[in-house]
Novice: 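Quick one: the structure is below, questions incoming.
Just so it is clear, the values below take in all heavy atoms, side chains as well, and ignore hydrogens, waters and symmetry mates. None of these values were measured; they are calculated from a predicted model.
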Amino acid sequence: MSQEQAAAVKSGSPEAAGASSDAAEDQGEDRPMSFWEHLDELRKRLVRSILVFFAACIVGWEVREELLHFLTVPFVQAWREQNLAGNPSLHFGAPAAAFVAYFKLSMIGGAAMASPFIFYQLWAFVAPGLYAKEKRYVIPFVLFSTILFVGGGWFGWRAAFPISFGYFLSLAGTVGGDGVTITPTVMMGDYLDFVAQLLLGFGIIFEIPLIVLFLSIAGIVNYIQLILFGRWFVFGAFVLAAVLTPPDITSQLVMAVPMCLLYVLSIGLAYLFGKPPTDAQRAAYKARKEKEVTKG
């Protein structure tokens with residue numbers, strides 16, 4: 001407590017008394033937790049997240065047919081655009097395969113529905129290590145992390161799925177002079193595994209601006225460091241896109257280009273809201289740019 005606050009408290013000032021109580025509360029909240037307390041806190045957050053996730057999976061099971069219809073829209077459109085024979089169809093090769101596939105589907109829907117609560121539990125776990133003013137960002141964090149995660153999955157469904165299915169189904173048809181026919185037999189479980197991989201990938205990469213923003217607010221990174229790391233991020237974005245998407249260049253660009261744009265947005269957010277770089281970092285960055293200009 002400052003000398004001014006102490007004097008004001010002695011004089012009976014209610015404003016100073018409130019300020020002193022807030023300061024005392026902040027000091028109490030800043031008490032470091034032991035390793036076992038952190039471990040116990042992590043256990044509680046994980047248990048709550050798992051319980052809510054399973055409850056959301058039950059809801060997802062109840063609407064499994066609606067979810068499957070939604071996720072197969074790009075596949076059906078690509079099938080018809082390729083003029084393939086018959087109706088678009090998914091198959092299962094074992095008696096229990098359809099049940100397992102629907103169970104996976106309910107987990108996909110459950111993850112989307114439980115994401116706000118899971119993000120809140122994540123924030124609640126890291127909150128003890130934050131300052132009081134930083135803890136006030138809980139609502140924006142939960143809101144925007146959910147919007148970005150679900151929005152990333154929607155972008156993948158809307159942009160990447162049609163391109164990916166169009167490429168894969170274009171490999172079907174008649175080849176050779178003997179009229180050998182390549183017919184797609186898409187298994188239900190394999191289809192949902194592929195869809196889940198892309199949905200999760202796009203959901204995670206759309207979290208980049210939010211993650212970088214909070215790292216910059218905490219002073220872990222700044223916009224100069226992000227600019228210097230940019231070329232490596234672009235390289236990593238295309239490598240990740242090559243792993244998660246089909247081998248055609250168009251599908252890879254659909255994932256890699258948004259990642260790079262989100263990274264540029266992250267640099268802007270770090271510049272506006274993050275902690276500024278040190279004078280030494282500014283001087284080193286300026287010297288590096290002048291050296292690059294001289295070489296050029």
Side-chain angles (χ1 to χ4, degrees), residues 43 45-82 84-119 121-122 146 149-172 182-207 240-248 251 254-255:
R43 179 189 61 81
R45 301 299 174 185
L46 285 176
V47 169
R48 293 173 184 175
S49 298
I50 292 173
L51 290 177
V52 172
F53 171 70
F54 278 121
C57 288
I58 295 175
V59 178
W61 177 267
E62 296 299 323
V63 295
R64 60 188 182 276
E65 294 183 359
E66 290 78 4
L67 289 175
L68 183 61
H69 171 74
F70 176 77
L71 293 178
T72 54
V73 169
F75 172 75
V76 172
Q77 292 177 346
W79 184 290
R80 291 171 178 168
E81 288 174 357
Q82 297 299 324
L84 298 178
N87 294 320
S89 57
L90 298 176
H91 304 264
F92 59 94
F99 172 83
V100 174
Y102 271 128
F103 182 77
K104 293 179 182 179
L105 181 59
S106 66
M107 294 179 67
I108 297 174
M113 288 184 282
S115 58
F117 184 83
I118 294 174
F119 285 128
Q121 294 301 315
L122 174 62
T146 303
F149 182 75
V150 177
W154 180 86
F155 177 83
W157 174 84
R158 188 70 179 82
F161 284 14
I163 296 174
S164 300
F165 295 137
Y167 171 77
F168 286 135
L169 294 180
S170 68
L171 301 177
I182 300 177
T183 303
T185 303
V186 182
M187 306 306 292
M188 186 177 177
D190 295 337
Y191 178 86
L192 292 177
D193 288 341
F194 176 76
V195 165
Q197 178 181 342
L198 283 184
L199 289 176
L200 182 61
F202 276 98
I204 291 175
I205 66 173
F206 268 64
E207 298 287 346
L240 181 63
V243 172
L244 295 179
T245 62
D248 64 299
S251 298
V254 169
M255 175 171 282

Novice: Atom CZ of Phe99 and atom CZ of Arg64: how far apart are they, to the nearest 0.5 Å?
Specialist: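 Between Phe99 CZ and Arg64 CZ, I get 9.0 Å after rounding to 0.5 Å.
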Novice: Hey, are the side chains of Leu67 and Ile108 touching, using non-hydrogen atoms and a 4.5 Å cut-off?
Specialist: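 A side-chain contact is absent here, since even the closest heavy-atom pair is not under 4.5 Å.
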Novice: Would you name the heavy atoms of Pro184 and Ala172 that are closest together and state the gap between them?
Specialist: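 So the minimum-distance heavy-atom pair works out to CD-CB, 3.7 Å.
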Novice: Taking the side chain as everything from C-beta on, heavy atoms only, tell me whether Phe70 gets closer than 4.5 Å to Val63.
Specialist: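 No; the side chains remain at least 4.5 Å from each other.
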Novice: Using the ring of each side chain (for Trp, its six-membered ring), is Trp157 parallel, tilted or perpendicular to Trp154, with breaks at 30° and 60°?
Specialist: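 Rings of Trp157 and Trp154: tilted, 30 to 60°.
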Novice: Nearest heavy-atom pair of Phe202 and Val254: which atoms, and what distance?
Specialist: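 Looking at all heavy atoms of both residues, the closest pair is CE2-O, 4.0 Å.
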Novice: With a 4.5 Å limit on heavy-atom distance, are the side chains of Val150 and Phe206 in contact?
Specialist: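 Val150 vs Phe206: side chains apart.
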Novice: Mark yes when over 12 heavy atoms from residues, nucleotides or ligands other than Phe92 sit less than 6.0 Å from its CZ; otherwise mark no.
Specialist: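 It does not: Phe92 CZ has 12 such atoms or fewer within range.
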Novice: Do the side chains of Trp61 and Tyr102 get nearer than 4.5 Å, heavy atoms only?
Specialist: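 Contact flag for Tyr102/Trp61 side chains = yes.
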Novice: Looking only at heavy atoms, what is the nearest atom pair of His91 and Ser89, with distance?
Specialist: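 Scanning both residues completely, I find the closest heavy atoms to be NE2-OG, 3.2 Å.
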Novice: I want to check something: taking the side chain as every heavy atom from C-beta on, are Leu68 and Met188 in contact at a cut-off of under 4.5 Å?
Specialist: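 The answer is yes; the side chains approach within 4.5 Å.
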Novice: Under 3.5 Å, is there a donor-acceptor pair between the side chain of Ser106 and the main chain of Phe103?
Specialist: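 It does hold such a pair.
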Novice: Taking atom CZ of Arg45 and atom CD1 of Ile50, what is their separation to the nearest 0.5 Å?
Specialist: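 Rounded to the nearest 0.5 Å, the CZ-CD1 separation comes out at 14.0 Å.
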Novice: So which atom in Phe149 and which in Ser115 form the shortest heavy-atom distance, rounded to 0.1 Å?
Specialist: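 Here Phe149 and Ser115 meet closest at CD2-CB, 4.2 Å.
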Novice: Relative to each other, are the rings of Phe165 and Phe75 parallel, tilted or perpendicular (30° and 60° limits)?
Specialist: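 If you compare the ring of Phe165 with that of Phe75, the planes turn out perpendicular.
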Novice: Closest heavy-atom contact between Ala78 and Gly166?
Specialist: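 Nearest heavy atoms, Ala78 then Gly166: CB-N, 3.7 Å.
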Novice: Thr72 versus Pro88: any side-chain heavy-atom pair under 4.5 Å?
Specialist: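 No. Closest side-chain heavy atoms not under 4.5 Å.
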